[in-house]
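A note on names: the letters A, B, ... follow the listed sequences, proteins ahead of strands, and every chain is numbered from 1.
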Amino acid sequence: MLLPKKGNIPTPLDVQRKRLPIYQAKPQLLNQLRQLPSAILIGETGSGKTTQIPQYLYEAGIGRQGVIAITQPRRVAAISLAGRVAEETRTSLGKLVGYTVRFEDVTSSETKLKFMTDGMLLREAIGDPLMLRYTVVVLDEAHERTMHTDVLFGVVKTAQRRRRELNKVPLKVIVMSATMDVDLFSDYFNKSPVLYLEGRQHPIQIYYTKQPQSDYLQAALITIFQIHQEAPPSHDILVFMTGQEEIEALARTCRDISKHLPDGCGPMLVIALYASLPPAQQLRVFQPAPKGCRKVILSTNIAETSVTISGIKYVIDTGMVKSKRFNPDSGLEILAVQRVSKAQAWQRAGRAGREDSGLCYRLYTEDEFDKLIPMTVPEIQRCNLSGVILHLMALGIPDVLNFDFMSKPLPGAIHAAVVQLELLGALEKKEQQVTLTALGKKMASFPLEPRYAKAILLSPDFSCSEEVLGIVSLLSVDTVLYNPPTRRDEVLAARRKFTSSEGDHMTLLNIYRAFKKVSGNKEWCRENFVNSRNMGLVKAVQAQLREICLKLNMKLESCGSDTVSVRRCLAHGMFVNAAELQPDGSYVALDSHQSVAVHPSSVLFQAKPAYVVFNELLHTSRCYMRDLCLVDAEWLVDAAPEYFSRKLRHAKS
DNA sequence: GAGCACTGC
């Protein structure tokens with residue numbers, strides 16, 4: 001993302017800019033981009049396209065009547081790119097060049113080049129479906145095919161067509177991608193021309209195993225130490241693995257073995273890298289190893305795109321990844337270890353060639369590589385679509401069921417989303433036409449899953465908005481609980497103070513209330529194993545949600561210690577995720593009739609309440625309900641009488 | 001009696 005610094009004397013910015021491969025192509029590029037309504041721009045890493053294209057357009061006066069938006073899948077990328085381009089244009093950030101991400105808007109009326117997350121542009125579009133403030137939209141990193149980017153493809157294409165029909169200022173669309181999916185992008189955007197940019201990637205030598213490996217961890221271990229014995233110590237190794245547990249285990253093994261190596265073999269610094277690691281520990285991957293010591297980084301796919309580490313000479317690719325899959329029939333998400341795609345394998349290999357030539361050891365045969373699927377399945381085909389469908393409806397897309405997706409979701413997934421939104425009262429279906437209800441419109445204004453939005457909108461009826469806003473905010477961050485496995489007993493003792501027999505939601509609310517009482521004191525967080533950074537995020541989310549409520553003229557009250565009201569409200573919002581205790585002591589999810597179990601991390605693990613609502617189902621070793629709230633059957637029936645008259649064992653009608 | 005890849009509004 002950022003340009004490498006060479007030597008101690010900084011090269012002037014304009015010289016740096018002219019050295020980029022893209023500079024040579026500037027005249028032809030501008031000539032084409034000026035004329036084309038849409039273009040696909042293919043460029044390798046290091047071509048400079050993301051920082052230069054927006055400046056070229058601006059300098060050439062293309063799209064000067066409005067703002068040029070450049071979208072990124074990740075916040076950090078949007079922020080740092082804006083910083084870089086502001087520097088290059090010698091302007092201060094927030095003037096000519098700015099950025100907008102959630103909770104942060106560094107733009108002004110002067111801003112012409114606006115870097116933003118794709119999710120942010122999508123949210124803005126609710127108030128402005130034609131995207132009239134923009135003259136150019138640049139969709140960067142399109143090959144990643146995030147859910148937001150995929151929805152944006154359709155939204156931008158629709159806006160472009162509508163603006164032409166209405167004789168408005170035209171909207172230029174530029175899709176930027178790495179070398180893949182080229183034809184798919186071009187076909188989708190009305191056979192737009194594809195422009196290729198030269199990159200600055202260094203050559204990478206690929207090695208395959210001769211035989212398929214039954215144990216990729218063992219194979220990784222052997223490969224690490226082979227490289228360690230042969231290569232110069234300044235050559236660092238990056239190993240792609242699937243998850244925290246196996247990374248920590250292999251890290252221990254490597255550290256043990258490296259203590260007992262023969263003379264002549266230098267020391268080794270083994271570093272684990274995964275997202276749930278505290279930020280301070282994540283930063284360790286950037287520190288150079290002491291002289292004569294080799295750095296070995298064991299990482300999840302976080303190092304594929306989100307974290308870029310310099311100095312990597314060797315990549316070891318296990319060929320495996322942990323990812324979510326979605327079964328539309330059961331509505332179930334499955335988290336499972338599976339093979340990577342070819343595109344992903346190339347992305348991993350590319351991490352070895354960022355500053356110099358590199359080597360990549362694939363722990364599978366060439367034959368196995370050939371059998372990998374070419375592209376990772378786009379996220380839109382792997383997840384629950386109720387939020388997406390609601391969002392599209394709020395954008396006023398006329399025929400949502402036949403929305404022009406670049407890659408169609410499974411028909412079952414769209415159907416499941418519509419059914420769920422109907423149950424929540426967000427949609428009405430009349431003769432094959434679905435329309436948004438007034439409630440649905442309000443629901444769409446929250447950056448939340450529809451069922452959480454519903455719970456918030458119902459909360460004034462139960463006079464517990466403050467509590468529900470808190471709970472929903474707590475649920476929408478990763479986790480506020482910190483569970484170091486080595487201090488289990490201490491964690492349990494600390495948490496007992498807050499534990500509620502009414503479930504995890506109320507327990508979380510107790511923790512949040514205590515946190516606010518001590519004004520977010522860091523020491524208190526440490527003592528109580530609370531992640532203070534994520535708690536800070538909870539506060540920001542709550543503030544955002546409260547603002548939306550106020551705009552909707554909602555009356556926000558607190559119910560104090562009346563926890564029954566809170567649980568009733570949650571039952572009304574989350575009734576689709578209800579489960580019922582069976583005579584044999586097991587649970588059945590009422591929606592899918594799937595047999596489910598209470599996750600052992602729940603405070604209700606040993607309790608056996610007759611009815612619960614839960615946040616999500618996750619299929620790992622079993623199908624687990626996570627984050628449970630104890631409810632009464634009557635509340636569920638009250639929330640959706642017709643639905644539950646079919647579902648409940650002991651339904652009272 | 002488990003364990004959760006990664007993003008984002």
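Listed candidates were B:dT7, B:dA5, B:dC9. Nearest to the side chain of A:Ile302 is B:dT7. Considering only side-chain atoms of A:Arg123, the nucleotide from B:dT7, B:dG1, B:dC9 that sits closest is B:dC9. Closest to the side chain of A:Ala275, out of B:dC6, B:dG3, B:dC9, is B:dC6. Between B:dC9, B:dA5, B:dG1, one nucleotide has an atom nearer to the side chain of A:Gln244 than all others, and that is B:dA5. Checking B:dA5, B:dC9, B:dA2 against every side-chain atom of A:Tyr624, the shortest atom distance belongs to B:dA2.
A:Ser601 and A:His599 share a donor-acceptor pair across their side chains, judged by distance under 3.5 Å alone. A donor atom on one side chain and an acceptor atom on the other are found under 3.5 Å apart for A:Gln338 and A:Ser323.
Among the atoms of the strands shown, only primed sugar atoms or phosphate atoms (P, OP1, OP2) are found under 4.0 Å from some heavy atom of A:Tyr274. If you check every strand for non-hydrogen atoms under 4.0 Å, A:Arg74 touches sugar and phosphate atoms only. Within the 4.0 angstrom heavy-atom criterion, no nucleotide atom of any strand lies near A:Thr146.
Judged by closest nucleotide on DNA chain B, A:Arg382 is the one of A:Arg382 and A:Leu448 placed further toward the 5' end. With DNA chain B read from its 5' end, the first of the two nearest nucleotides for A:Thr242 and A:Gln544 is the one closest to A:Thr242.
Per the geometry, CZ belonging to A:Arg348 stands 12 Å off P belonging to B:dC6, to the nearest Å. We find that CD of A:Glu245 is positioned 6 Å from C1' of B:dG3, with the value rounded to whole Å. Distance, A:Gln72 CD to B:dT7 P: 15 Å, rounded to whole Å. Atom CG in A:Leu395 sits about 13 Å away from atom C1' in B:dC9, given to the nearest Å. In this structure, the CD atom of A:Gln347 is 13 Å from the C1' atom of B:dC6, given to the nearest Å. When rounded to the nearest whole Å, the span between CD1 of A:Ile380 and P of B:dC6 equals 22 Å. Taking atom CG on A:Leu122 and atom C1' on B:dC9, their separation rounds to 8 Å, with Å as the unit. As rounded to whole Å, 11 Å separates atom C1' of B:dA5 from atom CG of A:Asp478.
Partners of A:Glu616 by salt bridge (charged side-chain N to carboxylate O under 4.0 Å, His left out), not counting sequence neighbours, listed by chain and number: A:Arg626. Every residue two or more places apart in sequence or in another chain was checked for a salt bridge (charged side-chain N to carboxylate O under 4.0 Å, His left out) with A:Asp627, and none qualifies.
Here A:Ser323 does not reach the OP1 or OP2 of B:dC6: none of its side-chain N or O atoms lies under 4.0 Å away. Checking the phosphate oxygens (OP1, OP2) of B:dA2, no side-chain nitrogen or oxygen of A:Ser601 falls inside 4.0 Å.
Looking at heavy atoms from C-beta onward, A:Leu238 lies in side-chain contact with A:Ser299 at the 4.5 angstrom threshold.
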